[in-house]
Engineer: 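Dropping the structure in here first, questions after.
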Amino acid sequence: LVHLRLILVSGKTQDFTFSPNDSATDIAKHVFENWPAGWEEERVSSPSILRLIFQGRFLHGNVTLGALKLPPGRTTVMHLVARETLPEPNSHGQRNREKTTESNCCLLL
């Protein structure tokens with residue numbers, strides 16, 4: 001089993017236990033259906049907008065906990081946020097994808 005401690009933006013935390021075969025989508029659905037009593041102010045309207053962040057990266061829906069190679073027997077911390085869309089996998093931001101010859105330089109005198 002995989003032990004997760006989910007942290008909301010507000011700083012509230014809750015521990016959950018999942019199978020290594022559970023995906024990010026499965027986790028979001030489980031948390032939505034078992035919303036902790038202390039999180040009522042942060043309740044969302046749908047599990048589809050819940051997103052997990054692990055080591056600074058959004059987990060896309062089909063990524064399983066087993067694929068992350070989490071340490072067995074330990075509690076792993078992830079952030080849980082409400083967000084409609086996700087950045088593309090392996091994207092490094094819009095600025096890096098759009099190479100232009102335009103300069104954003106400024107001269108101070």
Engineer: Taking Ser23 for its side chain and Asn62 for its backbone only, find out whether a donor-acceptor pair lies under 3.5 Å.
Structural biologist: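 Such a contact is absent between Ser23 side chain and Asn62 backbone.
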
Engineer: Between Glu41 and Ser10, is any side-chain donor less than 3.5 angstrom from a side-chain acceptor?
Structural biologist: no

Engineer: Rounded to the nearest 0.5 Å, what separation is found between the CD1 atom of Ile7 and the CD atom of Gln14?
Structural biologist: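 These two atoms lie 12.0 Å from each other.
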
Engineer: Taking all heavy atoms of Phe54 and all of Val77, pick out the closest pair and write down the distance.
Structural biologist: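 Answer, listing the atom of Phe54 first, then Val77: CD1-O, 3.9 Å.
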
Engineer: Among the clusters formed by ILVMFWY side chains lying less than 4.5 Å apart, do Val63 and Ile27 turn up in the same one?
Structural biologist: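 As far as the 4.5 Å side-chain criterion goes, Ile27 and Val63 are connected within one cluster.
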
Engineer: Do the non-hydrogen side-chain atoms of Trp39 and Leu6 ever get within less than 4.5 Å of each other?
Structural biologist: yes

Engineer: Does a side-chain heavy-atom distance below 4.5 Å link Leu65 with Thr76?
Structural biologist: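 Sidechains of Thr76 and Leu65: no contact.
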
Engineer: Please round to the nearest 0.5 Å and tell me the distance separating atom CZ of Phe32 and atom CZ of Arg43.
Structural biologist: 6.5 Å

Engineer: Considering non-hydrogen atoms only, spot the tightest contact between Thr64 and Pro20 and give its length.
Structural biologist: CB-O, 3.5 Å

Engineer: Take Leu70 and Leu4 through the test side-chain contact (heavy atoms from CB on, under 4.5 Å) and record every step on the way to the result.
Structural biologist: CA-CA 10 Å; Leu70 303 177; Leu4 292 184; 4.3 Å; yes

Engineer: Quick check: do Phe18 and Asp26 have side-chain heavy atoms less than 4.5 Å from each other?
Structural biologist: no

Engineer: Any side-chain to backbone donor/acceptor pair from Arg51 onto Arg83? Under 3.5 Å, distance only.
Structural biologist: yes

Engineer: Should we say atom CZ of Arg74 is surrounded by more than 12 heavy atoms from elsewhere, each under 6.0 Å from it?
Structural biologist: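 Atom CZ in Arg74 is not crowded, with 12 or fewer foreign heavy atoms closer than 6.0 Å.
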
Engineer: Under a 4.5 Å cut-off applied to non-hydrogen side-chain atoms, are Leu68 and Met78 in contact?
Structural biologist: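 Sidechains of Met78 and Leu68: in contact.
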
Engineer: Does some side-chain heavy atom of Leu52 sit less than 4.5 Å from a side-chain heavy atom of Leu80?
Structural biologist: yes

